[in-house]
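Order of the sequence lines fixes the chain letters, A, B, ..., with proteins taken first and strands second; residue numbering starts at 1 for each chain. If you're wondering where the values come from, they're calculated on a predicted model, not measured in any experiment.
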There are 2 protein chains.
Amino acid sequence: MQTATITRIEPRTAILSTIPQLRKFEVTCSSCNLREMCLPMDLDAEAMRRVEQVVYARRRVRRGDSLFNAGDEFSAVYAIRSGFLKMTVINDDGREQVTGFNMPGELLGLDGIGTGRYHGNAVALEDAELCVLPFSLLEELGREVPTMQRHLHGVLSREIVRDHGVMMLLGSMRAEERLATFLLNLSKRFTRRGYSPSDFHLRMTREEIGSYLGLKLETVSRLFSRFQEDGLIEVQQKHVRIVDIAGLEAVMGD
Amino acid sequence: MQTATITRIEPRTAILSTIPQLRKFEVTCSSCNLREMCLPMDLDAEAMRRVEQVVYARRRVRRGDSLFNAGDEFSAVYAIRSGFLKMTVINDDGREQVTGFNMPGELLGLDGIGTGRYHGNAVALEDAELCVLPFSLLEELGREVPTMQRHLHGVLSREIVRDHGVMMLLGSMRAEERLATFLLNLSKRFTRRGYSPSDFHLRMTREEIGSYLGLKLETVSRLFSRFQEDGLIEVQQKHVRIVDIAGLEAVMGD
DNA sequence: CGTTGCGTTGAATAAGGTCAAATAGAGTGG
DNA sequence: CCACTCTATTTGACCTTATTCAACGCAACG
């Protein structure tokens with residue numbers, strides 16, 4: 001496990017003009033193709049400029065490496081620019097639970113605000129690049145720009161809502177419903193990012209899917225096979241093709 | 001389902017002096033015995049005063065009634081003054097999942113910030129009284145008082161952390177571990193509120209416990225009986241007495 | 001004092017887990 | 001480029017756990 005590369009970017013616009021064009025281009029949220037779903041969503045030009053001041057570094061994490069681990073000191077949240085990550089928690093007996101899979105445009109590290117230390121582990125499922133948002137700067141921005149404040153609260157609240165959805169999944173659904181829900185959720189998120197709703201590459205293993213869904217990897221594998229037999233999907237290793245969306249949705253309806 | 005009683009309290013201190021002594025006394029967070037664990041935790045006098053301006057109404061909800069329901073317009077979060085409540089979500093096929101049980105000093109309604117509508121249902125398990133905190137006032141306060149801002153973020157973040165703990169419970173633990181965890185968690189929270197760590201009254205039914213823990217009510221009942229046979233607890237209907245805390249903790253260790 | 005909701009318990013069943021073996025890919029170094 | 005290794009995946013057989021179905025008991029309440 002090696003230290004991830006950190007690319008420092010100038011923190012304040014005052015200095016921004018001294019940076020080569022290319023670099024400047026990289027920093028701007030306004031030109032980032034994730035702006036529609038990332039933190040600066042729906043901001044006016046002025047607010048956007050302020051956010052860009054907060055994004056003061058870029059960080060790369062290689063597949064298998066951690067962005068942060070449980071217990072690490074919290075100082076920033078991260079916006080995913082590229083790559084897939086998983087969030088996990090590990091309990092006393094060493095059992096690991098995957099609490100989420102995250103894709104570009106999503107925010108990581110919110111679990112660290114409350115205690116000053118990250119509560120979970122963020123591990124890259126493939127090489128990833130992230131925007132580092134020092135949380136104190138984000139809070140400062142929130143105090144000055146109500147839109148940003150509201151937006152940050154929204155992100156936190158929606159994470160809670162998402163978690164409640166996972167509780168519903170884990171607490172009330174049968175195995176096949178869980179997997180169907182999972183696939184449909186991935187499909188929706190891929191669609192939002194401009195990728196195919198029906199054809200995608202799973203970055204996580206069967207075991208990681210199983211952990212997230214509260215199932216064993218063998219069960220996940222069997223379900224993939226069954227869904228394929230039933231003509232709902234086509235699977236080949238990590239590549240999934242959803243053949244019958246309505247059918248998948250109907251799995252929950254029985 | 002009847003509308004809960006709402007007691008209006010003057011929103012701003014300017015008017016506060018006109019209220020009878022008793023009422024004034026009721027409003028003050030500073031004299032509330034929950035201040036140690038509620039929103040105004042760790043605030044200085046000035047910040048405390050500001051919070052008290054935000055708490056502008058009191059609301060009563062009777063056992064079985066809803067404080068709010070999924071889809072209701074979001075405008076406030078609620079601090080529980082007295083009484084137990086449960087949070088639930090209901091999915092398309094009508095299945096209900098209990099996502100949490102809440103006791104005095106805890107905040108409800110955070111799930112509504114992100115979308116402007118509450119995502120879950122808050123139902124009183126016994127007659128309850130709550131402080132109404134209009135969220136726009138809370139945000140305003142957050143912008144002006146960094147301590148409060150940080151504190152609100154902390155509450156939101158810790159809710160996420162709690163949810164991840166529940167995911168761990170639902171995704172990775174066996175039935176008996178879940179129930180043991182649940183009982184120990186209740187014990188801890190009761191202790192914090194000055195009640196007995198070992199002797200308490202469950203406000204929720206076996207079915208509600210089961211829903212929360214991802215188990216059927218019969219399973220919960222059997223586990224209670226088994227824990228009793230094993231000398232870990234004594235149960236009589238809703239009254240629980242933890243006899244062997246270490247033993248309960250050990251349930252998770254096997 | 002019957003009704004009703006909640007809780008307990010037993011027996012049968014099903015869902016998913018465990019164990020084991022075979023296979024398929026991906027990555028590595030010669 | 002190929003052989004080798006390692007890890008991920010698939011599948012079968014069997015087992016365990018929790019669910020389902022059903023009956024009954026208890027306590028609160030009109």
Side-chain angles (χ1 to χ4, degrees), chain A residues 62-65 84 86 95-98 123 125-127 169-183 201-230 233-240 251-252 254, chain B residues 62-64 84 86 95-98 123 125-127 169-183 201-230 233-241 251-252 254:
Chain A
R62 293 199 313 183
R63 180 190 150 110
D65 287 349
F84 246 69
K86 66 170 176 180
R95 269 177 293 189
E96 179 175 280
Q97 171 73 29
V98 173
V123 179
L125 296 175
E126 58 189 357
D127 293 359
L169 180 143
L170 290 171
S172 310
M173 292 187 185
R174 284 168 324 108
E176 59 202 35
E177 296 175 305
R178 297 185 200 182
L179 187 63
T181 302
F182 172 69
L183 290 173
H201 179 78
L202 300 172
R203 274 76 171 182
M204 68 295 283
T205 66
R206 300 289 188 263
E207 184 166 25
E208 286 162 337
I209 296 173
S211 172
Y212 179 64
L213 298 179
L215 303 170
K216 292 297 164 185
L217 69 94
E218 294 94 329
T219 304
V220 174
S221 177
R222 272 185 253 272
L223 286 170
F224 270 124
S225 301
R226 177 130 57 89
F227 281 1
Q228 179 158 251
E229 282 166 32
D230 297 349
I233 62 175
E234 282 166 18
V235 216
Q236 194 165 17
Q237 299 289 121
K238 290 202 158 63
H239 181 257
V240 171
V251 167
M252 270 110 67
D254 308 333
Chain B
R62 293 200 313 185
R63 179 189 149 109
F84 246 68
K86 66 171 177 180
R95 270 178 292 190
E96 179 175 279
Q97 171 73 29
V98 173
V123 178
L125 295 175
E126 57 190 358
D127 292 358
L169 179 143
L170 291 170
S172 309
M173 292 186 183
R174 283 167 328 107
E176 59 199 37
E177 296 176 305
R178 297 185 200 183
L179 188 63
T181 303
F182 173 68
L183 290 173
H201 179 78
L202 300 172
R203 274 75 171 184
M204 66 296 283
T205 66
R206 301 288 188 263
E207 184 166 23
E208 286 161 338
I209 297 173
S211 172
Y212 180 63
L213 299 178
L215 303 170
K216 292 298 164 187
L217 69 95
E218 294 96 329
T219 305
V220 173
S221 178
R222 273 185 252 272
L223 287 170
F224 271 124
S225 301
R226 175 129 59 89
F227 282 180
Q228 180 159 250
E229 284 166 31
D230 296 350
I233 63 175
E234 282 166 16
V235 216
Q236 195 165 16
Q237 301 289 121
K238 289 201 159 63
H239 181 257
V240 171
R241 187 178 146 75
V251 168
M252 270 111 64
D254 308 329

Exercise. Go through the steps to decide whether B:Phe224 and B:Leu202 satisfy the test side-chain contact (heavy atoms from CB on, under 4.5 Å), and finish with yes or no.
Key: CA-CA 12 Å; B:Phe224 271 124; B:Leu202 300 172; 3.8 Å; yes

Exercise. Might you work through the side-chain contact (heavy atoms from CB on, under 4.5 Å) test for B:Glu234 and B:Val240, ending with a clear yes or no?
Key: CA-CA 6 Å; B:Glu234 282 166 16; B:Val240 171; over 6 Å; no

Quiz prompt | From CA spacing to verdict: side-chain contact (heavy atoms from CB on, under 4.5 Å), B:Leu179, B:Leu215 | solution = CA-CA 10 Å; B:Leu179 188 63; B:Leu215 303 170; 5.6 Å; no

Quiz item: Do A:Arg178 and A:Leu170 pass the side-chain contact (heavy atoms from CB on, under 4.5 Å) test, and can you show the C-alpha distance, the side-chain angles, and the key distance before you say yes or no?
Solution: CA-CA 7 Å; A:Arg178 297 185 200 182; A:Leu170 290 171; 4.1 Å; yes

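For the contact set between residues 204-211 of chain A and DNA chain C, defined by any heavy atom under 4.0 Å, there are no members.
The terminal axes of the helix from C:dC1-D:dG30 to C:dG30-D:dC1, fitted over 5 pairs per end, subtend an angle of 40° to the nearest 10°.
The existence of a salt bridge linking A:Arg63 and A:Glu126 is excluded, since no basic side-chain nitrogen approaches an acidic carboxylate oxygen closer than 4.0 Å. Salt bridge A:Arg95/B:Glu177: present, at least one basic N to carboxylate O contact under 4.0 Å.
Between A:Met173 and A:Thr181 the shortest side-chain heavy-atom distance falls below 4.5 Å.
Taking both residues in full, the closest heavy atoms of B:Glu176 and B:Arg226 are given as OE1-NH1, 3.0 Å, listed atom of the first, atom of the second, then distance. The heavy-atom pair separating B:Val235 from B:Gln228 by the smallest distance is N-OE1, 2.9 Å. Taking every heavy atom of both residues into account, B:Met252 and B:Ala180 meet most closely at SD-CB, 4.0 Å.
For A:His239, the side-chain hydrogen bond (donor to acceptor under 3.5 Å, both in side chains) test picks out A:Asp199, with sequence neighbours left out.
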Exercise. Heavy atoms under 4.0 Å is the rule here; annotate nucleotides 12-30 of chain D 5' to 3' with B where the base is hit, S where only the sugar-phosphate is, and - elsewhere.
Key: BB----SBBB---------

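Mapping heavy-atom proximity under 4.0 Å, the span of DNA chain C touched by chain B runs 5' to 3' from C:dC6 to C:dA11.
Counting any heavy atom pair closer than 4.0 Å across all strands shown, B:Ser221 reaches a base atom.
Residue pairs meeting the salt bridge (Lys or Arg N to Asp or Glu O under 4.0 Å) criterion with at least one member in residues 204-216 of chain A, sequence neighbours excluded, are A:Lys86-A:Glu208.
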